[in-house]
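To start, the structure under review is shown below, and the notes come after it.
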Amino acid sequence: MGSGSSTGERPSVVSSSAVLAVGTASSRLSGLVRVVVSAAVLGPTLVGDLFVAVNALPATLFMIVAGSAISSILVPPLVRAEDRGEHERADRLRANALGLCVAGLAIVGVGAVLFVPVLADLFTSGYDSEVGPEARRIAAILLLGIIPQTVVYGAISVLVAIQHSRSKFLLPSMASILENLGVIGTVVVVGLNSDVTSPSTATLLWLVGGSWIAVLAHLLIQYIGARRAVGRIRLGFEVRDDDVRSLVAPIRESLGWSTVVSAQSLLLVVAATFAGVGGVQSFEIAYLGYHLPTALAGRPVAAAALPALARQPSRSPGQVRRYQAALALAGWVAIPAGAAMVSLHSELAALIAVGRFDDPGAVEMLGLAILGLGVGAACNALFEVVRQSSMAAEHLAGIRRSSVVRAVCTAVGLPIVVASMEGPMLLLGLGLVVSVGDLVATGVAHSSLVDSSATTLLRRSAAAVVVAAGAAGALVVGVRGASNIGGAAASTPALAGLFVVIFLSTSWVTSRFGRDWRDIVAELGEGADA
């Protein structure tokens with residue numbers, strides 16, 4: 001079995017964050033490319049919408065049942081056991097976590113298959129009655145074939161946590177690129193050689209088969225990475241193990257948040273069908289863009305800081321300082337990215353909507369979805385730091401309260417949007433519901449973790465976003481007027497250059513309202529060996 005690294009060999013939080021940022025951002029970008037290519041090849045069709053929606057369902061079911069915080073729950077006890085030299089205990093915990101997760105999700109997968117008719121009706125509820133029967137046929141076949149992948153995603157999550165506990169970040173964060181490439185290849189081959197407007201059962205089965213090959217390749221890479229990190233991987237099923245029992249409370253709290261978020265994701269997909277054919281793909285593309293700031297900053301910083309936070313006494317001054325530095329570092333990157341999404345939503349939509357998806361209606365839907373979600377993109381990244389830091393501090397009250405807040409925002413907002421809006425404007429409304437929930441939930445969780453008011457965090461973040469987005473918006477208007485960049489889709493170099501200008505100017509504004517980034521890096525660097 002591999003041995004833990006010594007304290008002197010631990011990578012700094014900043015360097016680990018950089019590695020994770022590269023890997024996670026590359027993975028998220030490949031996921032965005034996957035959906036963009038699917039839309040370009042399949043077009044605004046029933047099979048395009050439903051394949052994108054159903055292919056995301058296994059990961060959603062996993063998060064509802066097992067929680068999205070497996071890494072932040074498993075890493076602290078694994079790190080502590082290894083630091084104390086209790087390698088057999090750590091091995092037993094890894095085995096039981098993997099075995100029980102796989103067994104539990106296998107039962108869930110079988111149960112979900114039994115409800116395929118209900119799920120098919122749910123995923124097609126927003127379509128016109130004329131296409132309803134065909135939509136339900138397509139959805140049922142895809143659901144039957146893809147839902148069992150839930151078990152695979154559970155195993156992948158545990159294998160990622162095992163690698164993170166040894167400060168191995170690059171391979172686990174980039175392994176999903178292989179899965180995304182597999183799905184892209186499947187869609188291109190099937191889409192270009194089949195009738196996607198009236199797909200046969202064989203066409204749908206080819207899509208299912210390609211999806212399975214891709215996700216199993218992802219699992220294999222994570223297994224190899226975990227073997228290299230700890231020496232051996234085995235399955236255990238000791239439910240009464242003391243270490244397993246100690247995870248019950250964190251898992252329960254994580255389930256509260258992840259269930260709300262995952263249920264919200266599922267309901268958003270269903271609601272997007274009411275925007276018309278192509279609405280699901282438009283919203284999914286925007287939703288992946290919404291997660292990019294989290295991939296660039298939120299998750300890398302949070303995951304890299306987690307081992308160092310776990311080594312600090314719970315809620316000690318040192319732990320709080322490291323948490324605040326991590327939050328500031330994530331905000332320095334995430335807030336500019338969110339501001340750029342808001343300012344460039346129409347250009348981004350025109351650039352992304354290509355191939356069969358290059359339709360005026362689809363472009364409008366995509367642009368409004370990006371606009372609505374861009375408002376909350378930065379808060380989603382900040383919340384990831386708050387959530388994982390709360391797990392490390394073993395202070396879960398804020399996560400519980402934020403779950404309630406998110407649930408209330410969703411329960412109130414979604415019905416209002418679906419009842420009062422239609423077409424592209426409905427997607428804008430859905431994005432704003434997500435953004436409002438992110439903003440309030442982040443403030444609630446942060447204030448609970450540091451035992452102080454969320455006013456300072458929200459004031460600084462809101463001021464930075466307002467000032468930076470306003471400046472960026474003025475810049476965009478000026479550029480549009482000078483070069484007509486907003487007309488027939490911006491060229492990639494022009495759009496990239498404009499994005500860089502907005503990002504750098506917004507980063508400067510953000511640093512004026514928060515801590516200087518050099519101080520943040522120094523703080524985190526000092527905390528790596530604490």
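What you are looking at is a predicted structure, and each value in this text was computed from that prediction instead of being measured.
- Contact annotation: the side chain of Leu204 approaches that of Arg137 to within less than 4.5 Å [non-hydrogen atoms, C-beta and beyond].
- With contacts defined as side-chain heavy-atom distances shorter than 4.5 Å, the pair Arg34/Ile184 qualifies.
- Remark: side-chain polar atoms of Thr186 are not paired, donor with acceptor, to backbone N or O of Gly209 under 3.5 angstrom.
- Contact check for Leu427 versus Leu430: side-chain heavy atoms found under the 4.5 Å cut-off.
- Within the 4.5 Å cutoff, no side-chain heavy atoms of Ile146 are placed close to those of Leu57.
- Side chains of Ser27 and Ser30: a donor-acceptor N/O pair is absent below 3.5 angstrom, by distance only.
- Rounding to the nearest 0.5 Å gives a distance of 4.5 Å between CG of Asn96 and CD of Glu238.
- Closest approach of Ile352 to Ile285, counting heavy atoms only: CG2-CG2, 3.9 Å.
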>> Applying side chain to side chain contact (heavy atoms under 4.5 Å, CB included) to Met341 and Leu292, what does each step give before you reach the verdict?
In response: CA-CA 10 Å; Met341 284 180 63; Leu292 279 178; 5.9 Å; no
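- The closest donor-acceptor contact from the side chain of Thr45 to the backbone of Gly48 lies under 3.5 Å.
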> Yes or no on side chain to side chain contact (heavy atoms under 4.5 Å, CB included) for Leu50 and Thr124, after CA distance, side-chain angles and deciding distance?
Replying inline: CA-CA 8 Å; Leu50 292 172; Thr124 59; 4.1 Å; yes
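- The aromatic rings of Tyr290 and Tyr287 sit parallel, their planes meeting at an angle under 30°, below the 60° perpendicular limit.
- Checking Leu159, Ile162, Val152 one by one against Gln222, the side chain to side chain contact (heavy atoms under 4.5 Å, CB included) holds for a single residue, Leu159.
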>> Checking Leu382 against Asp438 for the side chain to side chain contact (heavy atoms under 4.5 Å, CB included) test, could you report, in this order, the C-alpha distance in whole Å, the side-chain angles of both residues, the deciding distance, and whether it holds?
In response: CA-CA 9 Å; Leu382 295 178; Asp438 284 340; over 6 Å; no
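- Rounding to the nearest 0.5 Å gives a distance of 9.5 Å between CG of Leu143 and CG of Leu122.
- Annotation: side chain of Leu74 is not in contact with side chain of Ser165 (no heavy-atom distance under 4.5 Å).
- Under the 4.5 Å side-chain criterion, counting only non-hydrogen atoms from C-beta, Tyr223 is in contact with Ile233.
- Considering every non-hydrogen atom in both Phe237 and Ala103, the closest pair reads CE2-CB, 4.1 Å.
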>> Go through it in stages, so that I can follow the logic: the residues are Val269 and Phe123, the test is side chain to side chain contact (heavy atoms under 4.5 Å, CB included), and I'd like the CA-CA distance, side-chain angles, deciding distance and then a yes or no.
In response: CA-CA 8 Å; Val269 171; Phe123 274 93; 3.9 Å; yes
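- In this structure, Tyr127 and Val277 have side chains that are in contact, with non-hydrogen atoms separated by less than 4.5 Å.
- Within the model, atoms CG of Leu428 and CD1 of Ile370 stand 12.0 Å from one another, a figure rounded to the nearest 0.5 Å.
- Partners of Ala81 under the side-chain contact (heavy atoms from CB on, under 4.5 Å) rule, at least two apart in sequence or in another chain, are Glu86, Ala90.
- When atom types are taken as modelled, the side chain of Thr410 and the backbone of Arg406 share a donor-acceptor pair closer than 3.5 angstrom.
- Closest non-hydrogen pair, Ser129 versus Pro133, comes out as O-CD, 3.5 Å.
- The shortest side-chain heavy-atom distance between Thr203 and Ser200 falls under the 4.5 Å cut-off.
- In this structure, the side chain of Thr60 does not engage the main chain of Leu266 through any donor-acceptor pair within 3.5 Å.
- A donor-acceptor pair is defined here as one N or O able to donate and one able to accept, closer than 3.5 Å; no such pair exists between the side chain of Ser211 and the backbone of Leu207.
- Distance CG/Asp359 to CE/Met365: 7.5 Å, rounded to 0.5 Å.
- A pairwise comparison of heavy atoms in Asp49 and Gly276 identifies OD2-O, 4.1 Å as the closest pair.
- Residues satisfying the side-chain contact (heavy atoms from CB on, under 4.5 Å) test with Val363, not counting sequence neighbours, are Ala349, Ala353, Asp358.
- Residues Thr294 and Glu384 have side chains that never bring a donor and an acceptor to within less than 3.5 angstrom of each other.
- Heavy atoms only, all atoms of each residue included: Arg232 and Arg234 are closest at NH2-NE, 3.7 Å.
- Formation of a donor-acceptor pair under 3.5 Å by the Ser173 side chain with backbone atoms of Leu170 is found in this model.
- One distance of note links CG of Asp91 with CG of Leu78; it measures 10.0 Å at 0.5 Å rounding.
- Between Ser282 and Ala369, the shortest heavy-atom distance links the atoms O-CB, 4.3 Å.
- Here Asn180 contributes atom CG and His218 contributes atom NE2; the two are 8.5 Å apart, rounded to the nearest 0.5 Å.
- Listed for the Asn55 side chain is no donor-acceptor partner under 3.5 Å among the backbone atoms of Phe51.
- Put simply, the side chain of His446 never gets that close to the backbone of Gly443: no donor and acceptor are under 3.5 Å apart.
- Atom CH2 of Trp206 sits in a sparse spot, with 12 or fewer heavy atoms from other residues, nucleotides or ligands closer than 6.0 Å.
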